[in-house]
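Presented below is the structure to which this report refers.
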Amino acid sequence: MAVTWLRRLANQAPVPVFPVVGIAGEAALEALYLSPAVTVVQSPKRARALAVMGSIDYRDQQALRRVHGQVPAPRVTAWCSAMAVPQELSGSAIVVDATDQLGQQIQQAVHSLDAGQQSSDPNLCPDQPPAPWKGVGDGHGGEGMMGGKPYGRPMAMPEDDLRDGLQLDPLVFSIGPFSPLLPPGMAAKVTLHGDVIAGWEVLSRPYELTLPAVFYQALEQPVAVADLELARAAFHIRRLAAALQLNGLGAHARRLRHHAVELKPGQSIDDLVNARVLQSLRWVAGAGKGIVHDENWIRLRGPAARAGGDARDARLNDPAYVALGFEPVVQKQGSCAARWKQWRDEAGQALTLAAAAAKARAMSSPSGAVESPVGELTKSTPPVDISDLMPSLLVGLEWSEAMSVLASFDMAAVRYTDVIQLQGGGE
Amino acid sequence: MTSTLLIASACTVLLALLVGAYCVAAIDGAITARVTGQTPGNPLLIPLQNAARLWHAPHNETETPDRPALRLAPVLYLVLAAMGLALVPWSRDFVPVDLTTGIVFWGAIEPLATVLVFLKGWAPNAHFPLLGAYRYVSLGLSYILVSMFVLIGVALPAESLQISAVVDTQAELWNVVRQPLGLPLFLVVGLGVSFWGPLNFIDADDLHGGAASEEAGRVQLLWSTGRAAMLLAFSAIAASAFLGGWHGPWLPGPVWLILKTLAVVVLLVILGHTLPRVSPERFLTIAWVILLPLSFLSLAGAGVEALL
Amino acid sequence: MTLPTLLIVSAALIGIGIYGTLSQQSFVMLMMGLELILNGAMLAAVSFWALTAAGAPEGQLLTIIAMAVMAIEMAMGFALVVAVYRAKQADTTEALDGLKH
Amino acid sequence: MSAVDITFYINAAIAIYAGWRVFVTDSMVRASFFLLISFLAVGVIMLLLAAVYLGVALFFMMAVEMMVMALFMVMFMMNPAGLNPMKMVHQEKVAIAAGVVAFAALSAVAVFGEFPSRTIPEGWQPVVSLGHELLGDSMLVFESAGVTLLATMIAVVMLTSHRGRYGDANHGSRPPGLEPGGDPADKPEETEEGGHHHHHHHH
């Protein structure tokens with residue numbers, strides 16, 4: 001009796017879910033964040049369910065299987081994707097089409113799994129170590145004190161430390177492509193000296209980013225400026241939420257995400273979140289880092305370029321914006337904190353513009369270029385990938401600084417060619 | 001001490017630990033709800049629901065963990081919190097453990113807790129936990145010194161290392177007035193020892209949750225309980241050392257102690273939800289260049305006051 | 001808990017410490033041996049203080065000094081390890097066969 | 001047997017067992033935590049002997065000290081978790097003999113020695129008396145210890161600094177050979193596979 005009572009209590013708590021975001025999975029992820037039935041967790045090990053959203057590139061299928069195996073069994077897999085469900089999971093995975101139902105359905109599936117009405121997913125990867133734990137000699141994996149491959153696991157050898165010349169062991173590992181610290185699809189091989197990043201090799205580039213539909217429409221036809229600007233504000237606010245979450249302010253991040261769906265023209269950004277909370281981002285790890293130098297600077301676009309003082313903005317060419325008195329905001333430093341401030345300022349400006357545009361019923365005029373939240377979007381050249389800039393920016397930073405810098409860039413290329421034909425679809 | 005009193009003390013401490021850990025979780029939930037503007041359910045039930053969920057959740061098995069450390073560290077951390085709570089005087093006559101070196105004993109609990117938090121990151125045998133633990137410990141060593149100096153400062157006017165004597169000296173004037181630097185410095189230590197908010201270097205989101213990234217089920221439940229209990233024990237010690245402990249008009253002593261402890265808990269939880277995690281590099285500078293000299297200053301002030 | 005049993009325990013700790021100090025090649029392990037010797041010595045000092053000296057405070061003072069010595073030994077030991085490691089990437093006694101670089 | 005005796009024997013056993021494990025375990029991090037356990041057990045025995053201050057001081061001193069030790073182990077040692085065998089000993093037979101002889105000799109003193117039996121009088125306050133001693137008659141000793149610690153701190157900063165008095169501290173240095181007169185140990189031949197701690201950890 002007591003057990004069922006405890007179980008009933010447990011069933012009222014939200015279920016932790018690890019999100020695997022593929023191409024065009026962004027909207028589903030936002031819906032998952034808002035669902036009261038689930039909490040989105042940072043590590044698959046803490047999750048009860050895996051939510052696959054959007055389509056995963058074929059080269060990352062193995063990684064998907066590994067992440068699936070990292071969710072402790074018994075687990076639930078939710079499939080919210082245009083991809084076919086893998087053969088092994090077809091009996092157990094729950095397929096969800098409506099993104100706003102995702103959280104609810106995951107919770108129900110976990111409850112029926114716990115009640116024994118449903119069986120767990122099978123393991124997609126064999127549950128065995130990459131190399132057997134078989135010792136040699138007197139029960140050890142290797143010989144001698146250092147180096148070698150004890151138990152088939154290569155040991156570190158000392159190399160020069162970046163900071164002070166002591167020869168210490170590096171730690172090499174790879175993260176991605178589904179790490180919440182990186183854009184979806186990005187994988188990197190990291191060499192750490194203690195807490196300092198000594199090497200950053202991009203193993204795979206992030207998936208192309210799918211923008212809110214209104215930005216694609218604006219390329220072809222006139223759309224209400226108010227809609228464009230509200231979508232822009234919501235986009236920036238969600239990214240600010242990610243920066244807050246990264247720096248330990250998860251509750252404020254959730255607040256921002258909830259506000260981002262119900263933005264109204266003319267709202268002040270200070271109504272959404274305490275101004276001092278956003279200002280405090282100036283003091284977090286890496287706030288002053290991540291400045292792009294030299295010839296690479298030209299590759300920055302949109303808010304990132306404006307955060308460094310370059311006032312390029314496609315909206316300046318649009319008569320509707322000119323009529324509203326639009327002037328781009330710029331920052332000077334071009335650092336991580338400046339980009340966050342730029343997002344904040346642009347979101348605030350977008351909300352003001354939206355109010356003015358709603359009053360004037362302003363419509364954009366398609367001129368071949370739309371200023372998207374990540375840079376200028378034209379038919380011929382949508383914003384391209386800049387993840388190859390990261391190694392030069394990140395090497396030498398401490399881990400937490402590097403993660404802040406990563407969270408202040410839009411690295412992914414913008415999806416364009418297939419959007420118009422296959423609305424929201426994948427391969 | 002008679003055996004009745006012994007049993008009463010043990011029961012009080014355990015009860016206070018469990019109820020207190022629940023209160024910390026409930027306060028945290030209430031403040032989170034206030035910040036997010038979302039009320040997901042009855043705030044009084046949420047901690048119990050989460051605990052029940054973790055109780056039933058499957059365990060995450062890592063490859064060749066350090067099993068003794070994995071199992072012992074969360075339990076011992078909880079035990080340390082209980083030991084800290086046992087030192088707190090509830091009234092003039094009722095002190096569960098009235099050690100003559102209570103202040104020093106609390107000073108020993110803090111580094112021992114740091115050791116256990118290191119084991120939290122060491123035990124699972126995975127790199128993100130280890131990175132978190134390593135970072136936590138190397139920064140943690142810098143504020144433990146601050147805690148020592150601040151605690152010696154409150155022992156000076158009492159001319160005793162006994163916590164009950166420290167509380168007694170605050171009958172007229174609380175230490176928070178006498179040594180205004182003491183409490184803020186001590187609160188920094190509290191955030192660190194219970195790895196909370198701006199000083200949560202081990203379970204941080206920039207490491208996928210750090211040491212917590214490999215925890216699930218009951219291990220996670222134990223650690224979150226231990227963490228809440230440590231925050232509570234710390235707040236109770238802070239209330240006794242700086243806010244006059246059980247002293248106060250009208251209400252009985254234990255009630256005052258509970259009120260003051262919860263006030264410190266609320267303050268710490270709000271700080272945790274307001275301040276972003278400090279940059280490790282900057283925190284190292286802050287700890288050694290600002291906090292440590294300030295604690296010296298506080299101690300010197302206390303010394304001068306004791307001599308006058 | 002009599003004086004002989006206490007002293008035997010401390011003798012055991014000192015014996016293990018001496019073994020460690022003489023046998024270990026790694027600096028840090030060698031220091032652990034020294035610490036264990038001091039551990040036994042402190043236990044003996046406190047035992048004598050409690051059971052034969054009628055609580056004379058000098059017994060405790062001796063232990064405090066032993067602790068200070070331990071802290072100094074530890075700090076200097078590690079500093080030397082870092083200095084030597086920086087100079088020669090060596091962390092074992094055998095690797096140091098000369099006094100120069 | 002009283003509760004005090006039982007506690008004593010348990011802690012004595014823990015202290016000796018953990019002290020022995022320090023030199024047996026392959027993981028150096030574990031070795032430093034075994035040493036910590038040994039110290040904690042001795043601290044409890046001190047508490048039993050009414051040395052309230054010393055026992056507790058031993059707790060916090062050793063907790064910090066062993067934590068630092070473990071940090072150094074992870075930082076410097078090739079093999080902090082003990083995957084490779086770590087029996088780095090020399091002159092082991094001599095060392096064992098020396099240890100056994102020391103133990104036997106000291107035990108003999110303990111068993112056959114004549115010691116006065118003057119236990120702590122009732123109502124004696126060990127902490128208060130220690131305080132009066134430290135800041136009274138033995139102030140000079142105590143202060144000398146303090147000054148020595150300060151000197152140690154300065155010396156430690158000097159020794160560990162990267163910048164020496166005449167340029168970089170490691171200028172012109174050469175790592176020792178893996179064998180006497182052999183190649184330096186720090187640059188592995190096969191750098192491709194030599195240096196990686198590759199956990200398969202994707203998400």
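To find a chain, count down the sequence lines: A is the first, B the second, and so on, and within it residues start at 1. Only heavy atoms go into these numbers, but all of them, side chains included; no hydrogens, no water, no symmetry mates.
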Take atom [atom1] in [X]; do more than 12 heavy atoms of anything else shown fall under 6.0 Å from it?
| X | atom1 | result |
| --- | --- | --- |
| B/Glu63 | CD | yes |
| D/Met61 | CE | yes |
| B/His59 | NE2 | yes |

Review point. In Å and rounded to the nearest 0.5 Å, what is the CZ to CE distance from B/Phe118 to D/Met66?
Key: 13.5 Å
Exercise for review: Enter the distance from B/Leu99:CG to D/Leu47:CG here, rounded to the nearest 0.5 Å.
Suggested key: 7.5 Å
**Study point:** Atom group of B/Leu112 that falls short of 4.5 Å from chain D, counting heavy atoms
**Key:** both
Point to revise | Portion of B/Leu119 that has a non-hydrogen atom of chain D nearer than 4.5 angstrom | key: side chain
**Study point:** Closest heavy-atom pair and its distance - D/Met67, B/Thr114
**Key:** SD-O, 4.2 Å
Review point. Of D/Phe59, D/Phe60, D/Tyr53, which is the lone residue that meets side chain to side chain contact (heavy atoms under 4.5 Å, CB included) with B/Phe105?
Key: D/Phe59
Exercise for review: List the steps, then state whether side-chain contact (heavy atoms from CB on, under 4.5 Å) holds for B/Asp66 with D/Val29.
Suggested key: CA-CA 11 Å; B/Asp66 191 333; D/Val29 173; over 6 Å; no
Check your understanding: Which one of B/Ala108, B/Gly140, B/Ser138, B/Ala133 has the most heavy-atom pairs closer than 4.5 Å to chain D?
Key -> B/Ala108
Practice item. Taking the side chain as every heavy atom from C-beta outward, state whether B/Leu161 and D/Val56 have any pair of such atoms under 4.5 Å apart. Key: no
Check your understanding: Hey, does D/Phe33 have a side-chain heavy atom less than 4.5 Å from the side chain of B/Val115?
Key -> yes
Practice item. Heavy-atom distances under 4.5 Å only: say whether D/Val127 touches chain B with side chain, backbone, both or neither. Key: side chain
Point to revise | Interchain contact, D/Leu40 with chain B, by part (heavy-atom threshold 4.5 Å) | key: side chain
